[in-house]
Number of protein chains: 2
Amino acid sequence: MANPANHPGDGSRATLAQVAARAGVSASTASLAFSGAGPVADETRERVLAAARELDYGGPDPRARSLRTGRSGIIAVVMEDRISVAFGDPVAVTLLDGIADEIGGAGYSLLLLTDSLERAEGGLRDAPMDAALLLGCSTDLDPAVRVLSQRQVPLIGVEAEPRQGLPMVDIDNRAGMRRLAEHLAGLGHERVAVITLPMDRGHARGPLTQVRQDASVAYTGLERLAGVRDVFPDAPAEVAAGSLIEEGLIAARALLDAEPALTAIVGQSDLLALGAIQAAEERGLRVPEDISVAGFDGARIDGLSRHRLTTVVQPTLEKGRAAARLALAALAGEPVENVAFTTELRIGDTTAAPRSA
Amino acid sequence: MANPANHPGDGSRATLAQVAARAGVSASTASLAFSGAGPVADETRERVLAAARELDYGGPDPRARSLRTGRSGIIAVVMEDRISVAFGDPVAVTLLDGIADEIGGAGYSLLLLTDSLERAEGGLRDAPMDAALLLGCSTDLDPAVRVLSQRQVPLIGVEAEPRQGLPMVDIDNRAGMRRLAEHLAGLGHERVAVITLPMDRGHARGPLTQVRQDASVAYTGLERLAGVRDVFPDAPAEVAAGSLIEEGLIAARALLDAEPALTAIVGQSDLLALGAIQAAEERGLRVPEDISVAGFDGARIDGLSRHRLTTVVQPTLEKGRAAARLALAALAGEPVENVAFTTELRIGDTTAAPRSA
DNA sequence: CTGTTAGCGCGTTCAG
DNA sequence: CTGAACGCGCTAACAG
């Protein structure tokens with residue numbers, strides 16, 4: 001029944017016109033029968049579908065439809081890191097989940113692009129897409145913005161540095177961190193250090209010197225750092241190579257070598273904070289008795305730690321949804337406005353008054 | 001300079017023909033100037049690019065190119081779960097990383113599709129793609145296979161039930177688990193239980209009854225179960241709702257209620273095994289002294305546990321790469337053959353002789 | 001090296 | 001409700 005050898009050009013796929021001819025209707029009628037976009041008599045539709053089955057025709061070609069309608073049904077998400085790194089972070093996964101949920105609900109599919117500078121930007125330049133979301137925490141969005149805006153692809157940023165013509169979803173990174181720092185200050189902490197997200201494209205580790213800081217365009221990381229320094233202006237910072245437990249561990253080890261001893265470590269993400277806790281325990285320090293540790297995100301880190309981490313909770317899923325909705329609005333020709341979410345301090349059991357206090 | 005109002009139809013994007021006209025060359029020459037697919041005099045190319053800049057033309061439209069060439073440059077990955085669930089599993093992330101790496105290297109981009117049955121299969125039916133990878137461990141590939149093969153999209157399976165016309169990358173799930181079971185048997189274990197991956201689309205938890213087992217088409221889970229039962233034919237099995245630590249915890253709690261007490265639990269993934277360890281410790285059981293626990297995958301679970309889990313190591317990244325290469329081969333018209341990888345037993349410190357032995 | 005000629009497969013007018 | 005004609009934007013042939 002399927003794939004009969006009774007029509008010319010068999011082996012390659014049939015075309016709508018061929019199906020229409022076989023059904024004895026015009027191409028436009030056949031088109032309507034498939035898309036359901038217009039009125040077609042039931043009996044006519046049946047004939048068309050039957051002809052399609054006989055010719056083994058699998059429906060309108062998305063490529064042709066795409067050219068005709070000017071839409072590909074694809075929304076791209078541009079990340080900086082390779083997948084294994086990006087998705088090691090539950091925040092990124094949750095964000096993507098929100099995005100996928102919202103655009104999927106609107107009939108769009110999600111194209112995953114890595115903003116690698118290699119290969120002439122690969123998909124950034126060539127892939128069909130109706131809009132693109134630039135994922136935040138990125139150290140440098142410029143290349144992606146340049147290529148995509150030249151292509152005139154509508155762009156939406158997530159936690160990106162404010163820039164002309166890039167509507168954005170943001171959170172109050174600085175204020176959130178400031179509240180956390182104030183919490184620590186209130187407990188009596190004075191010697192507080194920060195473990196930051198990557199500060200440059202190379203994801204280099206090490207102390208955040210003034211030079212490095214000035215050279216950095218890592219929006220999220222800089223904002224969160226500023227929040228802590230609003231309260232602890234001299235807080236030293238150690239740069240991690242990614243939002244991973246292991247990176248937090250590495251950075252915290254470096255920080256714990258410092259003298260005089262720290263009383264608290266703030267991770268710019270929950271995973272970094274968990275790494276810091278491990279580093280502390282590795283040295284026989286108890287959390288929070290000997291040292292306080294706090295994070296940022298309020299990520300789902302069940303099972304990763306026995307502690308309830310003190311952290312700044314952000315509405316990650318909602319952030320993803322909102323970004324997706326902005327993209328959909330842009331595609332619908334509706335006005336697109338920036339969206340800002342608010343974070344909330346959640347006190348856990350990893351922060352307490354320092355011994356010396 | 002950019003976007004001058006000196007050409008008609010401004011505001012919408014320019015077209016290659018317009019650029020060619022402005023540069024005083026033919027459309028085909030302009031096309032070559034952009035694609036670099038043919039010889040063009042340097043000076044001519046310069047004129048074309050200049051004209052493009054003046055018209056604010058961002059390069060050939062991927063949609064039109066796609067229709068013309070019959071290629072979209074997109075390879076889809078079809079997963080069963082929603083993103084937050086799928087990517088909670090480091091194995092899935094690693095697999096995807098391997099895939100993305102390989103297809104990115106070949107100039108393709110990665111479209112993420114969820115095989116949800118809602119919305120008329122959304123992207124499965126409509127999204128442009130040149131090939132699709134069906135990700136394994138799936139409880140039911142049928143719908144995706146049906147839709148995509150009707151569209152005549154080349155398909156590659158990863159750990160899927162063998163089926164006609166679906167080239168596949170597989171591992172020796174059963175043999176690997178059998179070796180693990182033999183290791184346990186060699187230590188003297190007799191009462192061994194299994195925590196399985198989801199067995200049906202609903203991801204229902206609970207004991208795996210014979211009825212449920214017979215009704216299941218969850219290839220990977222059934223294979224891994226069979227491996228254990230090759231050695232422990234009566235091993236009870238508890239079904240988890242996903243490859244997550246928390247699911248392992250839930251399932252293990254149920255198993256630990258059983259009498260007589262188990263001496264070992266085998267998780268069908270490392271995450272499930274970690275959950276089982278937590279469940280054991282929750283009851284004051286020490287691992288491996290009081291109960292042995294083993295997993296499957298050899299996933300990167302640094303920082304998630306103090307133990308070195310005994311597990312069956314599979315080459316996950318390589319599996320992803322191989323699947324991607326099969327897809328690329330299919331697109332290149334080369335013959336596509338099944339690929340099989342071999343697992344390896346890695347003894348950690350979570351398995352030991354049972355107390356009674 | 002460049003120009004000419006044809007479509008790729010479809011959706012959408014507009015009549016009837 | 002259906003049919004005829006057109007062109008979306010581009011690139012593959014071939015000819016010059």
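Lettering follows sequence order; numbering is per chain, from 1.
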Side-chain N or O of A/T29 closer than 4.0 Å to phosphate OP1/OP2 of D/dG3: yes

Residue of the set A/L166, A/L113, A/V158 for which side-chain contact (heavy atoms from CB on, under 4.5 Å) holds with A/L134: A/L166

side-chain N/O B/T44 vs C/dT2 OP1/OP2, d < 4.0 Å: yes

For nucleotides 7-9 of chain D, print each protein N/O atom paired with a nucleotide N/O atom at under 3.5 Å, atom names and distance only.
{"from": "D/dG7", "atom 1": "N2", "to": "A/R68", "atom 2": "NH1", "distance (Å)": "2.8"}

ring-ring contact (aromatic ring centres under 6.0 Å, His included) contacts touching residues 145-168 of chain B (sequence neighbours left out): none

Pairs meeting criterion ring-ring contact (aromatic ring centres under 6.0 Å, His included) with involvement of residues 22-60 of chain A, two or more places apart: A/F34-A/Y57

Side chain to side chain donor-acceptor pair (under 3.5 Å) against A/S35, all qualifying residues, sequence neighbours excluded: none

Under the side chain to side chain donor-acceptor pair (under 3.5 Å) test, residues paired with A/T44 that sit two or more places apart: none

Distance in angstrom units between B/E46 CD and C/dT2 C1', rounded: 17 Å

Any N/O donor-acceptor pair, B/S28 side-chain to C/dG3 base, under 3.5 Å: yes

Protein-nucleotide distance (B/D126, atom CG; C/dC10, atom C1'), rounded to Å: 14 Å

Set of residues satisfying side chain to side chain donor-acceptor pair (under 3.5 Å) with respect to A/S84, sequence neighbours excluded: B/D97

Inter- and intrachain pairs under salt bridge (Lys or Arg N to Asp or Glu O under 4.0 Å), touching residues 34-44 of chain A, at least two apart: A/D42-A/R45, A/E43-A/R47

Relative orientation of the end axes in the helix from C/dC1-D/dG16 to C/dG16-D/dC1, expressed as an angle to the nearest 10° (five pairs per end): 30°

Sequence neighbours excluded, every pair satisfying salt bridge (Lys or Arg N to Asp or Glu O under 4.0 Å) that has a member inside residues 321-330 of chain A: A/D101-A/R321, A/E102-A/R321, A/E102-A/R325, A/E318-A/R325

Length of the CG-C1' vector between B/L32 and D/dC14, whole Å: 13 Å

Phosphate OP1/OP2 of C/dT2: any B/S26 side-chain N/O under 4.0 Å: no

